[in-house]
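Side-chain atoms are counted along with the backbone in the values below, which use heavy atoms only and exclude waters and symmetry mates. This chain uses plain numbering: 1 for the first residue, then up along the sequence.
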Amino acid sequence: MKILSVGQIREADAYTIAHEPVSSIDLMERAALSCTVWLMKKFGRQTPFRIFCGNGNNGGDGLAIARQLAEQGADVKVFLLRLSENDSPDFAENLSRLKKSGKIELSILNS
């Protein structure tokens, strides 16, 4: 397994977005789906999931995973820590999607 640095991940994301083409939110959704599939195979629906997120793009990934797990019937709770006043655009989109699903308990903690 190859582990990439933050800079390498950003470069890979930018390359994929430019050459596929795929939007960053769709790329995030695709990455989240891979993680969700792995989690469901490894732990299954019966495992309660607790996901902790900041409000940047990594938090957006966490929100997408939480929503997808809930769609698979898992018990999911999300704890959101607002580390900044500014949400990344993809985080904001995934927060909106998560709230619309109505399937997940969300606790918002302000720093």
Side-chain angles (χ1 to χ4, degrees):
M1 173 189 296
K2 185 174 184 176
I3 298 177
L4 304 176
S5 69
V6 172
Q8 290 171 317
I9 291 170
R10 285 189 182 129
E11 286 177 22
D13 285 351
Y15 179 87
T16 302
I17 291 166
H19 291 90
E20 241 188 75
V22 62
S23 67
S24 62
I25 191 70
D26 290 338
L27 185 60
M28 187 177 282
E29 191 75 10
R30 184 188 303 172
L33 183 58
S34 292
C35 186
T36 299
V37 167
W38 184 88
L39 287 168
M40 291 304 288
K41 284 181 183 176
K42 180 79 174 166
F43 299 104
R45 269 181 205 89
Q46 70 283 358
T47 301
F49 293 93
R50 305 302 176 251
I51 300 178
F52 296 81
C53 301
N55 56 331
N57 278 347
N58 288 338
D61 289 316
L63 296 177
I65 292 166
R67 179 179 40 77
Q68 292 173 0
L69 286 169
E71 289 170 353
Q72 295 294 315
D75 171 27
V76 181
K77 292 182 183 174
V78 173
F79 299 88
L80 172 59
L81 177 59
R82 292 201 174 271
L83 301 171
S84 161
E85 291 182 18
N86 302 315
D87 297 342
S88 75
D90 290 345
F91 169 88
E93 175 61 29
N94 274 318
L95 182 59
S96 174
R97 291 177 181 181
L98 182 132
K99 287 179 177 179
K100 285 179 187 173
S101 78
K103 299 179 180 183
I104 299 167
E105 182 180 329
L106 176 64
S107 296
I108 299 176
L109 311 167
N110 293 311
S111 60

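The closest side-chain heavy-atom distance from Leu63 to Ile104 is not below 4.5 Å. Counting heavy atoms from C-beta on, the side chains of Leu69 and Ile65 come closer than 4.5 Å. Annotation: side chain of Lys103 is not in contact with side chain of Val76 (no heavy-atom distance under 4.5 Å).
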Give every donor-acceptor pair under 3.5 Å between a side-chain atom in residues 33-40 and any protein atom, sequence neighbours left out.
unit_1, atom_1, unit_2, atom_2, d
Thr36, OG1, Ala32, O, 2.9
Thr36, OG1, Gln68, OE1, 2.8

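Lys77 is linked by a salt bridge (Lys or Arg N to Asp or Glu O under 4.0 Å) to Glu105, counting only residues two or more places apart in sequence or in another chain. With sequence neighbours left out, Glu11 forms a side-chain contact (heavy atoms from CB on, under 4.5 Å) with no residue at all. The side-chain hydrogen bond (donor to acceptor under 3.5 Å, both in side chains) search around Glu71 returns none, not counting sequence neighbours. Judged as a side-chain contact (heavy atoms from CB on, under 4.5 Å), and not counting sequence neighbours, the contacts of Asp26 are Val22, Ser23.
Pairs passing the salt bridge (Lys or Arg N to Asp or Glu O under 4.0 Å) check and including a residue from residues 27-36, sequence neighbours excluded, read Glu20-Arg30, Glu29-Arg67, Glu29-Arg97. Pairs passing the side chain to side chain donor-acceptor pair (under 3.5 Å) check and including a residue from residues 44-62, sequence neighbours excluded, read Arg50-Asp75, Asn55-Asp87, Asn57-Ser88. Among residues at least two apart or in separate chains, ring pair (Phe, Tyr, Trp, His ring centres under 6.0 Å) pairs with a member in residues 45-99 are Phe52-Phe79.
Put simply, Ile51 and Ile108 are part of the same group of oily side chains (I, L, V, M, F, W, Y) that touch within less than 4.5 Å, one to the next. In terms of hydrophobic clustering, with Ile, Leu, Val, Met, Phe, Trp and Tyr side chains grouped at heavy-atom distances under 4.5 Å, Val78 and Leu109 are assigned to different clusters.
Of all the heavy atoms in Gln8 and Ile3, the pair that sits closest is OE1-O, 4.3 Å. Taking each heavy atom of Gly54 and Leu83 in turn, the nearest pair found is CA-CD1, 4.3 Å.
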